[in-house]
Amino acid sequence: MPSELHQFINKPYTFDDGIELKIIQIKTRDEHVEWVTYNTCLPGAFPRKHVMPVQEFINSFGHLFGLKEIPKQP
C-alpha cells in the first residue's frame with residue numbers, strides 16, 4: 001500500500017478553505033511499520049509538521065488522494 005502513497009510526495013492537496021496538506025516523506029520505522037510525515041499549512045501561516053502511521057494516514061486522509069482504507073488487522 002505505501003507504494004501508492006509515494007506518488008503523492010510533495011504534491012499538495014488544497015482544501016476549499018485554503019488549508020494545504022502535503023506529504024513530505026514516508027519512512028519505515030518500528031518493526032517495519034511505515035510512517036508518513038506531512039505538513040499542514042493555513043494560508044499565510046507557517047507549515048505544521050505531523051507524523052502518523054501509514055494505515056492511520058490513509059484511513060484519515062486517503063480519500064483526498066483517491067485511496068481506500070486499509071482493512072484493520074484482527
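I26 is listed as a side-chain neighbour of V54, based on a closest heavy-atom distance under 4.5 Å. Side chains of N10 and I23 form no contact here, defined as non-hydrogen atoms less than 4.5 Å apart. Residues L67 and L5 form a side-chain contact, since some pair of their non-hydrogen atoms from C-beta on lies under 4.5 Å apart. When side chains are defined from C-beta on, L21 counts as touching F15, because their heavy atoms get closer than 4.5 Å. Taking 4.5 Å as the limit, some side-chain heavy atom of R29 sits within range of a side-chain heavy atom of V51.
Taking the six-membered ring where tryptophan is involved, the planes of F57 and F61 are tilted, since the angle between them lies from 30° to 60°. Ring planes of F65 and F8: tilted class, angle from 30 to 60°.
Contact between K49 and N39 at its shortest, heavy atoms only, is CA-OD1, 3.4 Å. Here the closest heavy-atom approach between residue K11 and residue K22 is recorded as N-CG, 4.2 Å.
No single ILVMFWY cluster, assembled from side-chain heavy atoms under 4.5 Å apart, contains both Y38 and V33.
Rounded to the nearest 0.5 Å, atoms CH2 (W35) and CD (Q55) are 11.5 Å apart. The distance from the CE atom of M52 to the OG atom of S60 is 5.0 Å, given to the nearest 0.5 Å. Considering CD of E20 and OH of Y13, their distance stands at 12.0 Å, rounded to 0.5 Å.
For the residue pair H50 / T40, a side-chain donor-acceptor distance below 3.5 Å is found, with atom types taken as modelled.
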